[in-house]
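Okay, structure first, notes after.
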Amino acid sequence: MCGGDTGRGGGGACAGSTDLVPVPARVTGPSGCGFVLDGRTGIDAAPGTEGTERWLRSAVGAAFGLALPPVPAGRDDAVALRLDPRLGAEAYRLDVVAATRSVRITGGDPAGVFWGAQTLRQLLGADAFRRAPVRRGGRTAPAVLTDLGIEDRPRFGWRGLLLDVARHFLPKDDVLRYVDLLAAHKLNVLHLHLTDDQGWRIEIRRYPRLTAVGAWRSRTKRGHRASPLWDDTPHGGYYTQDDIREIVAYAAERHVRVVPEIDLPGHSQAAIAAYPELGNTDAVDTAGLAVWDTWGVSPHVLAPTAHVLRFYEGVWEEVLELFPAETSPFVHIGGDECPKDQWRASPTAQARIAELGVGDEDGLQSWFIRHFDRWLAARGRRLIGWDEILQGGLAPGAAVSSWRGYAGGIAAAEAGHDVVMCPEQHVYLDHRQDAGPDEPVPLGFVRTLEDVYRFDPVPPGLGPDAAARVLGTQANLWSEVTENRARVDYQLFPRLAAFAEVAWSTRLPAPPARDLADFERRMTAHYRRLEALGVDYRRPDGPLPWQRRPGLVGRPFDPRPPDA
Ligand code: ACM
């Protein structure tokens, strides 16, 4: 017979679920008697764990109306937070001891403690994901905890999501919410795509026109660029420097690193609209250029001049100040999809190729990237760029985001460069999640929840040395057809939960042997968490009526991607 307050019967509490997402490395239990966190429960936080203490109080405490006050070490009725570096980076151990109504979370570092606290929140039930208590029958109901032991550690150190805030701006509060959603899934990198042809989204004090002009467009193409439809509402927005500082600090408190991307030398029409002299003015007239209002890859690229290099060094000086090295060791320089037509037509660009002896336009692109590789390295940062930066030879310190399949990542890893695997055939979450006709604005390949669950960031056949160069993996969400938070939610979820399990869990076997049924069973509990968080996820049987976008033209590719 169990003593203690199980809350069963009149209380309304129910047993917690060990249906965790992502699945931990090892779980023992649950077994024995149960108890609930209640007004007696406090937090006993060892030095170095104060961030998680604050987060537990603000998230779990708020959800259940519990003060969770600080308590001395060794007391019963406590959530004890401890550090033990022997566990390793980001690893944690979580023990629930019903006899003393206590939880102990030991992390290999402060991040590990935080991931353990995220696991505790999942154990406390879906209501732990609300912002205020839900009172049923007059009382709040955290789930019952029983004796349990969890050991866990991440498979990869880079578990990322790219948000494209350039094509459609996401207000700051939405970005903060996605930081919380990343943290809830033990994802730890937010890659912010801050600039593109269709908008410049970060305040740069010395170049005010980048946001005064570059942060808005007069109208927007609705659907794929082949669509005849326009939204004539001006679209825009940008983050002030204090907004950026707030996002970075909020993310750091949640052990999420923010990687800023300033895309160059392509994807630069918004910057050239703001400062026409950045363009290839001897080949095209850039004076009347506006921020682009449709989708695709603009031909307007940066001119390969000393003035452009100095201008972008000025941009990066401010960006590096906003994204400190401790939390943003890597910064992203884009380097993708740079059409070379304007450089072919520009006498200045051709003279530059001859003067530098770089052979052709690819060499010019490589010269741009190498310049910033050196410039960033001198300031203690690492450059990362899209796999096109392999063209013309990879800069010595550069890391690669492999998006056009695995091939670029394999080549870079085999040459000794660090790699983040994000192949578009597998983890571009703007791509449609079903072949059916109701999928909103269907783009790209069909990538179902199962497909994402079966993705492996390390392609078979990669040798051990090269495999060790795979820092991790990242899901990318480009925002041409995700015009607001609800659309972003729909494209991300539930697939981001599958992606998180792939990126985090050391327990997943190679893809063919993955237990989809077990994942789907655990997702039943996870959908309740997403609902409590207010996530507009795609239901397993398809979009809700208001999640559809009838009449908007997409661009479906063949349903199944080629092996890449
Ligand atoms: C990309 O999708 N152009 C990186």
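FYI, side chains are in, hydrogens and waters are out, and symmetry mates aren't considered; it's all heavy atoms of this structure. We count ligands from 1, going down the list as the structure has it; atoms in each ligand are counted the same way.
Between Asp336 and ligand 1, an N or O atom pair is found at a separation short of 3.5 Å.
Between the side chains of His431 and His426, no donor-acceptor pair of N or O atoms lies under 3.5 Å. For the residue pair Gln118/His185, the side-chain donor-acceptor check at 3.5 Å is not satisfied.
Proximity to Trp478 (heavy-atom distance under 4.0 Å) selects the following atoms of ligand 1: 1 (C), 2 (O), 4 (C). Those atoms of ligand 1 that come under 4.0 Å of a heavy atom in Glu337, given as number and element, are 3 (N).
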Could you give me the CA-CA distance, side-chain angles and deciding distance for Arg432 and Glu439, then say whether salt bridge (charged side-chain N to carboxylate O under 4.0 Å, His left out) is met? CA-CA 7 Å; Arg432 60 205 165 122; Glu439 229 34 59; over 6 Å; no

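With a 6.0 Å cutoff to the six-membered ring centre and a 45° limit on the axis angle, Arg379 counts as a cation-pi contact of Trp375.
Annotation: atom 2 (O) of ligand 1 to nearest protein heavy atom, Tyr428 OH, 2.6 Å.
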